[in-house]
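Reviewing the structure listed below.
Scope of the values below: all heavy atoms of this structure, side chains included, with no hydrogens, waters or symmetry mates. Note that the structure is a prediction, hence the values are computed from the model and not measured. Remember, it's 1-based here, ligands and their atoms both numbered in the order they're listed. Quick note: residue numbers are just sequence positions, from 1.
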Amino acid sequence: MSAPKKLYIKTYGCQMNVYDSERMAESLGGQGYVETQSPDDADMILLNTCHIREKAAEKVYSELGRFKGLKAAKPDLKIGVAGCVAQAEGAEIMRRQPLVDLVVGPQSYHRLPAMEARAGTGEKVLDTDFPEEDKFEKLARRPKAKRGPTAFLTVQEGCDKFCAFCVVPYTRGAEVSRPVDRVLREAEDLVERGVREITLLGQNVNAYHGAGPEGDMTLAQLIWQLNEIDGLERIRFTTSHPNDMMDDLIEAHGTCDKLMPYLHLPVQAGSDKILKRMNRAHTADSYLRLIERIRAARPDILISGDFIVGFPEETEADFQATLDLVEAVKYGTAYSFKYSTRPGTPAAERAQVDPAEADDRLQRLQALLTRQQREVQDSMVGREVGVLFERPGRFAGQMVGKSDYLHAVHVADCDAAPGDLRRVRIVSSGTNSLAGELIG
Ligand code: SAH
Ligand code: SF4
Ligand code: F3S
């Protein structure tokens, strides 16, 4: 038997790309590839890319440029671009960077083994179709290797919302949900391999409507099915759109034991004028009322958000409305971005905000969000929480895990093993993590 070929995958962007990279590596395993952590000894390099902001997309080209020497030294080395830049730019990537052999869009990963074989004969290969078949079903099944305690599982892909700033509806296509039985089978398989916590993924995961035995199921109904799996201890989901936050999902946050008290619910902005121009189809007030209902169902839930500052035509007063909304919600975590013009999206045509002004707003928003996050984290001190341990810490005897609220927690002199879910009393709060002690 010949020595296995080596595959180096670098992943950019969202958790869905992390999941896709795992699945691509597994399917190329069938072609005799094993993963390597360095591009230097690779026979194939795959960049799984993100197109969400200009910087993310540009990074890909500078990274590709760095592989020139490797390719010169090893002419058989195959270089591929996958993900959302592949979908958005297609053959343009090969024109701009001729050392690229293969370009594959996010909906065509199941065709990757065949593409790799063709690239092996010296052909340039491109596939950015949106085929009808379920790519995950066609991808090689995960080998039964043991895994860490947490895993992602994509249940829904694509987006029909068309926010005026966003490329996702173009790079990932229309909203599609995977059937319930396939999700359950995959979840059971993950649990058999040691997974204790599953995060269900989708660009609009709460719009999930997968085919079940008696018609379509909502995300909440899927979560209740997953709740039945022995050995699965925790369920999370991300990312949700406020308009798809249905009553049964809100209720599940109050009644489903395995569903964790954490919700990522991006709002983007606090000014109704800007929300309208963003095509978000909700107002600041409807978002705040939704948060109230969610907190009524689960008072201790930690709310996380995404924000864009400097959207076209955003005034200082509009920005102030975002700060007011943040003050009203009190976020436990948040991701904030300066608006980045994306070619082909409606907002790209509108009057842009002065970049220095946008920088200044981003700094002010981040200062407020950082203060809030710290306050929420500090408020955990003295409380008892569940911690799912993941790995040893830096010090002898120390273990690190995540709380129910997704805070990193360090425990000294800890007899828990990775995969153990234990009760912990939080004793102190540091810059990015909590410290606690085991109870009992
Ligand atoms: N599907 C998810 C995530 C979309 S991308 C959702 O709807 O929430 C993740 C985040 O990137 C978005 O929530 C938004 O805050 C940010 N984003 C998207 N397009 C952007 C752009 N053109 N410029 C700056 N930030 C952007
Ligand atoms: Fe993009 Fe809006 Fe869809 Fe989220 S809901 S993926 S921000 S278009
Ligand atoms: Fe980026 Fe595509 Fe995810 S654009 S954020 S990798 S869906």
Side-chain angles (χ1 to χ4, degrees), residues 10-21 24 47-60 81-89 105-107 109 128 152 154 156-176 200-208 237-245 263-270 274-275 277-282 287 303-312 314 322 331 333-350 352-353 355 358-359 361-362 365-366 369:
K10 184 160 180 176
T11 308
Y12 303 81
C14 61
Q15 291 123 321
M16 200 165 281
N17 267 8
V18 175
Y19 175 83
D20 286 346
S21 290
M24 284 192 280
L47 300 185
N48 193 9
T49 61
C50 174
H51 201 243
I52 202 82
R53 285 168 288 273
E54 192 181 353
K55 272 206 190 105
E58 282 308 313
K59 247 191 242 162
V60 175
V81 177
C84 291
V85 175
Q87 189 63 43
E89 299 190 359
Q107 302 312 327
Y109 293 155
T128 52
F152 294 132
T154 294
Q156 179 278 342
E157 239 191 304
C159 181
D160 298 337
K161 297 271 191 287
F162 291 92
C163 298
F165 49 81
C166 184
V167 294
V168 171
Y170 312 97
T171 62
R172 294 275 171 166
E175 230 173 78
V176 185
L200 306 175
L201 298 182
Q203 264 96 25
N204 259 304
V205 72
N206 56 347
Y208 178 84
F237 60 88
T238 198
T239 296
S240 300
H241 190 286
N243 291 3
D244 292 316
M245 215 49 220
L263 178 64
H264 184 59
L265 196 64
V267 66
Q268 313 298 353
I274 295 298
L275 286 170
R277 289 179 193 190
M278 286 178 162
N279 193 30
R280 288 289 295 180
H282 59 77
Y287 179 83
I303 302 289
S304 157
D306 285 350
F307 300 88
I308 295 178
V309 301
F311 186 79
E314 181 190 72
T322 298
Y331 286 92
T333 49
Y335 305 87
S336 45
F337 313 98
K338 190 164 82 155
Y339 169 72
S340 170
T341 311
R342 306 311 290 129
T345 59
E349 311 297 321
R350 308 185 78 114
Q352 307 291 309
V353 168
D359 278 329
R361 288 178 194 166
L362 184 62
L365 175 62
Q366 288 184 339
L369 289 168

Show which atoms of ligand 2 fall inside a sub-4.0 Å distance from at least one heavy-atom site of His241.
5 (S)
When you measure from atom 5 (S) of ligand 2 to the protein, is at least one non-hydrogen atom found at a distance under 4.0 Å?
yes
Between Arg53 and ligand 1, does any nitrogen or oxygen pair lie at a separation below 3.5 Å?
yes
Which part of Arg172 is near ligand 3, with near meaning a heavy atom under 4.0 Å away: side chain, backbone, both or neither?
side chain
Could you check whether Asn48 and Thr11, counting side-chain N and O atoms only, form a donor-acceptor pair closer than 3.5 Å?
no
Please state which protein non-hydrogen atom is closest to atom 6 (S) of ligand 3 and give its distance, to 0.1 Å?
Asn17 ND2, 3.3 Å
Carboxylate-amine/guanidinium proximity below 4.0 Å for Arg277 and Glu314:
no
Between atom 3 (Fe) of ligand 3 and His51, is there an N, O or S atom separated by less than 2.8 Å?
no
Mind checking whether Arg342 has an N or O less than 3.5 Å away from an N or O of ligand 1?
no
Are Asp160 and Arg172 within salt-bridge range, i.e. N to O under 4.0 Å?
no
How about His264 and Phe237: are their ring centres within less than 6.0 Å of each other?
no
For Phe162, counting its heavy atoms only, list the atoms of ligand 2 lying under 4.0 Å from any of them.
8 (S)
Gln268, portion touching ligand 1 at heavy-atom distance under 4.0 Å
side chain
Would you say Ser240 and ligand 1 have an N/O pair spaced under 3.5 Å apart?
no
Heavy-atom closest pair, residues Ile274 and Phe311
CG2-CD2, 4.0 Å
Main chain of Ala281, side chain of Asn243: is a donor-acceptor contact present, judged purely on distance under 3.5 Å?
yes
Aromatic contact, Phe162 with Tyr170 (centres under 6.0 Å)
yes
For Ala86 and Val81, work out which heavy atoms get closest and say how close.
CB-O, 3.5 Å
Of all the atoms in ligand 2, which lie at a distance below 4.0 Å from a heavy atom belonging to Cys166?
1 (Fe), 6 (S), 7 (S), 8 (S)
Ligand 1 to Tyr339 polar contact by distance, N or O atoms, under 3.5 Å:
no
Would you check the N or O atoms of Phe165, main chain and side chain alike, for any that come under 3.5 Å of an N or O of ligand 1?
yes
Could you tell me which atoms of ligand 2, counted from 1 in the order shown, lie closer than 4.0 angstrom to a heavy atom of Phe165?
7 (S)
Enclosure of Glu54 CD (heavy-atom neighbours >12, cutoff 6.0 Å):
no
Side-chain donor or acceptor of Gln203 paired with backbone N/O of Gly158 under 3.5 Å:
yes
Phe307-Tyr331 aromatic ring centre distance below 6.0 Å
yes
Using a distance threshold of 2.8 Å, state whether an N, O or S atom of Cys50 lies below it from atom 2 (Fe) of ligand 3.
no
Can you tell me the protein heavy atom closest to atom 3 (Fe) of ligand 3 and the distance?
Cys14 SG, 2.3 Å
Can you list the atoms of ligand 2 that are under 4.0 Å from a heavy atom of Cys163?
2 (Fe), 5 (S), 7 (S), 8 (S)
Hey, which atoms in ligand 2 end up nearer than 4.0 Å to a heavy atom of Pro169?
8 (S)
Below 2.8 Å, any N, O or S contact between Cys159 and atom 3 (Fe) of ligand 2?
yes
